[in-house]
Amino acid sequence: QVQLEESGGGLVQAGGSLSLSCVASGSIFSIPTMGWYRQVSGKQRELVATITVGGSTTYVDSVKGRFTISRDNAKKTVYLQMNSLKPEDTAVYYCWSVRTHISEPDSWGLGTQVTVSS
């Protein structure tokens, strides 16, 4: 079972950059497929990016070319570098990890607020 803790959110002007980090801990030897979701109050949670153990990545179309997901397996950490931020990127960003055992649910962090002003 894995516990996740995000950091790096904050307030930034449009066109600026932020870098998010997610550290995994618990009874695991290595991190599995992980990613980032975001959610605006009253809206559905949206998958932003994922990264597999082998380093393959996926992105939602709206962030392609602007966001980069990466991982450091030794540090059990996943990152999201966000450049050219837009007001529409404003949301609570959640770290996500696929379940480590078939009998357990996926893991979620508590979220970090990203606010982009115009």
Undergrad: Check whether any side-chain heavy atom of Ile51 lies under 4.5 Å from a side-chain heavy atom of Thr33, and answer yes or no.
TA: no
Undergrad: Check whether Thr112 reaches the backbone of Gly9 with its side chain - one donor and one acceptor, N or O, closer than 3.5 Å.
TA: yes
Undergrad: Looking at Leu11, I want to see if its CG is surrounded by more than 12 non-hydrogen atoms of other residues, nucleotides or ligands under 6.0 Å.
TA: yes
Undergrad: Do you reckon Leu85 sits in the same ILVMFWY cluster as Leu20, going by side-chain contacts under 4.5 Å, direct or chained?
TA: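 Cluster IDs for Leu85 and Leu20 match.
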Undergrad: Can you check whether Ser84's main-chain N or O pairs, donor with acceptor, with Arg66's side chain at less than 3.5 Å?
TA: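 Between the backbone of Ser84 and the side chain of Arg66 there is a qualifying donor-acceptor contact (under 3.5 Å).
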Undergrad: Side chains of Val23 and Glu6: does their closest heavy-atom pair fall under 4.5 Å?
TA: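 The answer is no, as the side chains (C-beta and beyond) never meet within the 4.5 Å cut-off.
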Undergrad: May I have the step-by-step check of side-chain contact (heavy atoms from CB on, under 4.5 Å) for Ile28 and Lys76, ending in yes or no?
TA: CA-CA 10 Å; Ile28 57 170; Lys76 297 182 180 178; 4.2 Å; yes
Undergrad: For the residue pair Asp89 and Phe67, establish whether any side-chain heavy-atom pair is separated by less than 4.5 Å.
TA: yes
Undergrad: Taking Val116's backbone N and O only, do any of them form a donor-acceptor pair with Gln13's side chain (distance below 3.5 Å, no angle check)?
TA: no
Undergrad: Are the side chains of Arg38 and Val63 in contact, using a 4.5 Å heavy-atom criterion?
TA: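 Counting from C-beta outward, Val63 and Arg38 do come under 4.5 Å.
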Undergrad: Taking it one step at a time, do Tyr37 and Trp108 satisfy ring pair (Phe, Tyr, Trp, His ring centres under 6.0 Å)?
TA: CA-CA 9 Å; Tyr37 282 74; Trp108 295 89; 4.8 Å; yes
Undergrad: Decide yes or no for Trp96 and Thr50: does some side-chain heavy atom of the first lie under 4.5 Å from some side-chain heavy atom of the second?
TA: yes
Undergrad: So do Val2 and Ser25 actually touch side chain to side chain, heavy atoms under 4.5 Å?
TA: no
Undergrad: Do any N or O atoms from the side chain of Tyr59 and from the backbone of Ile69 form a donor-acceptor pair under 3.5 angstrom?
TA: yes
Undergrad: So, Ser103 side chain and His101 main chain: donor-acceptor pair closer than 3.5 Å or not?
TA: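 It does not hold such a pair.
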Undergrad: Are a donor atom and an acceptor atom from the side chains of Ser17 and Asn83 found within less than 3.5 Å of each other?
TA: yes
Undergrad: If you count every heavy atom of other residues, nucleotides or ligands that lies below 6.0 Å from Glu5 atom CD, does the total exceed 12?
TA: no
Undergrad: Just by modelled atom types, is the Tyr94 backbone N or O under 3.5 Å from a matching donor or acceptor in the Arg45 side chain?
TA: no
Undergrad: Would you give the length of the straight line joining atom SG of Cys22 to atom CG of Leu80, rounded to the nearest 0.5 angstrom?
TA: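 Cys22 atom SG to Leu80 atom CG measures 10.5 Å (nearest 0.5 Å).
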Undergrad: Quick one: are Val60 and Leu47 in side-chain contact, heavy atoms under 4.5 Å?
TA: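 The answer is no, as the side chains (C-beta and beyond) never meet within the 4.5 Å cut-off.
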